[in-house]
Structures are given as C-alpha cells and as structure tokens.
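Taking it in order: structure first as structure tokens, then the write-up.
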Amino acid sequence: MHPAFSVILLTTLLGAGQGLFLAMFTGQLYAIAHFLPLQTSGFYASGSLLALSLLLGGLAASFFHLGRPERAWRAASCWRTSWLSREVIVLPLTMGLVAAYALTHLLGWTAPWFRVGALAVDLSLILGVLGTLASLALFVCTAMIYAAVRFLEEWHSPLTVSNFLLLGSASGFMLAAAYSAWLGNPLVGFFGTWAVILTLAAALSRGAHLLRNARLEHRSTVQSAIGVRHSALQQKAQGATGGSFNTREFFHGRSARTLRWVRAFFLLTVFPLPVVLIALAHAEVSSTLALTAFAVQFVGLLAERWYFFAEARHPQNLYYQSVS
Amino acid sequence: MPQLALVIDLNVCVGCHACVTSCKEWNTSGAAGPLVDEHPYDGSPTGTFFNRVQTFEVGTFPDTETVHFPKSCLHCEDPPCVPVCPTGASYKRADNGVVLVDYDKCIGCKYCSWACPYGARELDAQERVMKKCTLCIDRITDDSLPERDRQPACVLACPTSARLFGDVHDPDSEVSVAIRERGGYALMAEWGTKPANHYLPRHKTRMHIAPEDLERVDNPLRREDLTDYTGEESVDDVAW
C-alpha cells in the first residue's frame, strides 16, 4: 500500500494524544489512591490540553487524506457497518471528553459530588473514566479500520489492534514523562516506568506481527486472479500507459532495501533507544533527555507506520505484475 | 431479485480495447461529469477508466498463448466495498444488483478501494471522488432507448461479441446459459465475494482429420470411378 503521510500523522498523533490523556488520568487515579502525591489541577489541565492539541493535530491531518474534506461530516452516518465511520464518531467524542476533563481541572470544579466508601467522586473522576473508555474505544476503531479489511492479510490480525493500542499508549506515557520532566515534576519516574513497560509490551506485539507477516502466505495468486491455471503466467500489458490509480495507491514504490532500512530504523528508535533515554533522563534528572526520548520514539513511530502501510500487499497488485 | 452482470469470453477477446474506449466515451459524456484524462497526448497519459484490458502470456516460448483480459467492476453479490463506506455513498441497487457510487455523497477517503480485492475502483483525480463501472446504468435503465441499445457501451462495441450482458439470476438468460454450459468462472472465488461477472475460459478448437475422413472405404465415388478397374474385390464386396 502507498503510505499516505496524512494517515501516518493522523494515527501517530492520535495515539500519542490518547496515550497522554490515559497517562494524565492514570496519574490522577494513583494520586487518589495515595500511591503518588496529588498534583495541582494545572498539571492535569495543561497535560490534557496538550493531549487535546495532539488529537486536534490528528484530526487536521485526516482532512488531507480526503478528496472532499468539505463533506467529511457525512462520514458519521454508516457506523453500523464501517469502522471508519465509528472512528469519525468516537474521535470528537474523545476530544470533547478530554477538553471537558481539562476544563474541570482548569476551573477547579473538583469538589466531591458523592462518596462511594472512601472514594470521593468528583466531576473530573467521572469525565476521566469516560475519557479513558472513549480513548480505548478510539484505539480500537482506528486499528479496526485496517484490521477489518480481510483482503489486506498483513493487517487482518488482532495484533494490529494491540500494536495501535500499545504503541500509542507508550508514546503518550513517554510524552507524559517528558512533560513532567520539563516541569521538574517528580512524576517523571512513574510515567517513565509505565512508558518503558508499555514500550516493551508494544515491542512484543509488533515483533509478533512482523514474524507473522514474514511467514504469511497470500491467499490469492495471479492464477486465481485471472482464472488461468498455469504456472507460467507473465503479464504483458496493464491496460494503462502512464499508470493509474491502481498503480499509485497500492504500491509504495520503494526498493526492498529501503523497506529493510526503515524496519531497522523503527525497531531501533521506537523500542530500545527511548527506553535507554528515559532511564538516563530519570537518573540524570534531565528534561532534555526525556524530551529527546519522546521525540525519538515519535519519529520512530512515523517510520513504523510508514512500514505498516508499505508492508501490506493488496491482492489487486496481482493485476499489476510489473509494478509489484 | 435480478442481478445484472457481464460474462466475458476470454476465448474470443482479441484485446482491441474497443470496450475501453467506448466505455470512456459514454461515461465521460454523461450527467455524472467527465472522467479525468490527464496528459492524453503526452508521454504518460493517465486517467480514470471503468474498464481496462490487460494482456497475459501463458506458458513458455514457443508453447505460449496470449490471453487478453478485460477487467472492470464485477458487481459482487456480496460486495465488500459497500459496508466499509462511511457515508453510504457506495451502495448496491436493490432492483438490479448493480454496485454504484453516489458521487455527491463520496468524500474520497479511498477506503472502498482498499476493501476491493480486484482493484475495480479508481479515484477521479479531478472530481476527487471514487468512480467505478456502473454497467452504464444510465443506458440500461433508460426506457426511451430501443431495447437492443439498453446494454452497456462495452457490450455494444465489442466486435467479437466477447461480452455478454444479462441477468445471472435468470436461469434461462443468455449469460446464465453461457456460465452453465461453457464453464463460466468467477475471479478470486476464494474470497467469497461472489462476483456477478463471470469469465468464460480459453479452450482450444482443434479438428481431428483421420485419413478415413478424406477418403472413405465405402466412398460411392470410388465405386463409380471411371479409372481403370482391375477387378479386385473391394472391402464392401467382402463385407456383403
């Protein structure tokens, strides 16, 4: 598949935004349980506003993917059958909940409404739980857009969903650690630890996905594509002189060597490098290193997403032998 | 429910591209707006086509055969491109089974093209919406046309009658009979999309001529020939 930069940015920015919000609310939950010192409302508010701006960035990127962005509102109509439609509904819902969560903290509407045992339930807690559910649902919707297309056998796997979930959460927690480090907040160790755990879990999931795809045998062949059962089949003409949508949309146009380089690059920059950097940042109490850890992982995730698209071979490519 | 479809006979297709050009001509002139045609007279012309003819060589030289393969939307009975559409622009017509795109609703997200294993959909680079074969829906449903013209442009243009058009759900239609009696098959049947369009396979037409076909032993001409008859018995004499 052709890796469209708009979609690469959309999925990585959304992932980091959702992850950062999950990190903020996790921090608040730990503080409520007295595992962590309680932070000022401003900490949660600006953290979730940062998450909101990432979500907005992702939304903006998505419009560049559309041929007719002015009609994008129509995309909410077929939620019964289309994961894309479901994402279009869950994304603004998540953004609204994240914004409301930020606003609650910003305006200090954190007076308890009622108590459940020892737990004082306030508005931020309710919005945080709803926002968490929405963020998780958004991960599933985004990933299912790809995982649900059964013809793209590289994507048609539960591992696609776990990759999106874990990689997005990892980069979000990494950003939360960088954000805390930048503020000089001691939570950098807490967020950093979770970022490392999530990064390692993501490494397992992505690694399993890479292994699975390396051994994948495609269901269709050029024989079944044209219905001629002969082992020696050669395409002589593709039906277009200067290429077509089919030769542009479904091919990455890069060499196998480039693909290997990109894979090696993201395997290095998404997994081991940020882990080392965030550990160093924690040990050295350095905000620069923590920010670098997030930046390196994010750039790695851009490469990871590029590879995710480039790796997928669409069965229609069988009709375009000289390109594939 | 009728299911209109094409049946394409690979045995007689000569790869002349008449179906391609007539399709483009008809569909670029309709009410739905032109099909993009970029650099038509330059080195690398490109554009939107509903139908393309590809060519494959089967076998190894010198035992090769050339197969011309016209390729368009197969109007699947279970079209995977329809449910993925987020706006409902992609739909399958209930009255005749033709899979269509509502160009006014399409947002150009290309998701349907990912969900079609045949690569039958093309995004129009100028109108920025997804386009595909409509089976010339504006011809085949136009009652003001004489009945023989109510067929897709490609079918009318084909000089070898390699393209048949009709209802594959009607067991007595020309297309159903062709599929049944001439080994019609679906493309990539392994995906369970149940394409309505079918292809008729290549087959070799060979004449076997035995010497007896040219000169029969009981050839009446031979008995009556006027050449020198030397008197020996013929096989027929022995048989009687």
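Below, all heavy atoms of this structure are taken into account, side chains as well, without hydrogens, waters or symmetry copies. Since the structure is predicted, the reported quantities are computational estimates derived from the model, not experimental observations. Residue numbers start from 1 in every chain, and the chains themselves are labelled A, B, ... in the order their sequence lines are given, proteins ahead of strands.
- Remark: A/Arg219 qualifies as a cation-pi partner of B/Trp191 under the 6.0 Å distance and 45° angle criteria applied to the six-membered ring.
- Looking at A/Phe245 and B/Met130, their side chains come closer than 4.5 Å, going by heavy atoms from C-beta outward.
- In this structure, chain B has no heavy atom under 4.5 Å from any part of A/Gln223.
- In this structure, the side chains of B/Lys71 and A/Asn246 come closer than 4.5 Å at one or more pairs of heavy atoms.
- Between chain A and the options B/Val53, B/Val129, B/Leu123, the largest number of non-hydrogen pairs under 4.5 Å is found for B/Leu123.
- Between B/Trp114 and A/His314, the closest heavy-atom pair is O-NE2, 2.7 Å.
- With A/Arg74 contributing its side chain and B/Gly88 its backbone, the two residues share no donor-acceptor pair below 3.5 Å.
- Ranked by heavy-atom pairs shorter than 4.5 Å toward chain A, the options B/Cys116, B/Gly43, B/Ala120 are led by B/Cys116.
- Without hydrogens or angle criteria, B/Tyr118 side chain to A/Pro315 main chain gives no donor-acceptor distance under 3.5 Å.
- Looking at A/His65, both its backbone and its side chain come within 4.5 Å of chain B, counting heavy atoms on both sides.
- Taking chain A as the reference chain and counting heavy-atom pairs below 4.5 Å, the highest number among B/Cys106, B/Ser44, B/Pro83 is found for B/Pro83.
- The two atoms that bring A/Ser85 and B/Pro86 nearest to each other are OG-O, 3.6 Å, heavy atoms only.
- At least one side-chain heavy atom of A/Arg248 sits less than 4.5 Å from a side-chain heavy atom of B/Thr46.
- Of all heavy-atom pairs spanning A/Ala240 and B/Arg52, the tightest one is CB-NH1, 3.2 Å.
- Contact annotation for A/Leu152: only side-chain heavy atoms (C-beta onward) come within less than 4.5 Å of a heavy atom of chain B.
- In this structure, a donor-acceptor pair under 3.5 Å is absent between the side chains of A/Ser244 and B/Glu122.
- Residues B/Leu187 and A/Tyr319 are in side-chain contact: their nearest non-hydrogen atoms beyond the backbone lie under 4.5 Å apart.
- With a 4.5 Å cut-off on non-hydrogen atoms, B/Cys109 touches chain A through its backbone and its side chain both.
- With a 4.5 angstrom heavy-atom cutoff, B/Pro45 touches chain A via backbone and side-chain atoms both.
- Heavy atoms closer than 4.5 Å to chain B are found nowhere in A/Val7, neither backbone nor side chain.
- Using a 4.5 Å cut-off between heavy atoms, B/Thr48 does not touch chain A at all.
- Within the 4.5 angstrom heavy-atom criterion, only backbone atoms of A/Ala72 (N, CA, C, O) approach chain B.
- At a threshold of 4.5 Å between non-hydrogen side-chain atoms, the residues B/Arg202 and A/Val228 do not count as touching.
- Comparing B/Val20, B/Asn51, B/Asp104, B/Thr64 by heavy-atom pairs within less than 4.5 Å of chain A, the highest count is held by B/Asp104.
- With a 4.5 Å cut-off on side-chain heavy atoms, A/Ser220 and B/Glu190 count as touching.
- The parts of A/Arg150 that come within reach of chain B are both its backbone and its side chain, each placing non-hydrogen atoms under 4.5 angstrom from that chain.
- Counting only distance, with no hydrogens or angles, the side chain of B/Tyr111 and the backbone of A/Trp83 share no donor-acceptor pair below 3.5 Å.
- For A/Ser224 (side chain) and B/Met188 (main-chain N/O), no donor-acceptor pair under 3.5 Å exists by modelled atom type.
- Between B/Gln54 and A/Tyr320, some side-chain heavy-atom pair lies under the 4.5 Å cut-off.
- Ranking A/Thr247, A/Ile145, A/Val222 against chain B, the residue ahead of the rest is A/Ile145, based on heavy-atom pairs under 4.5 Å.
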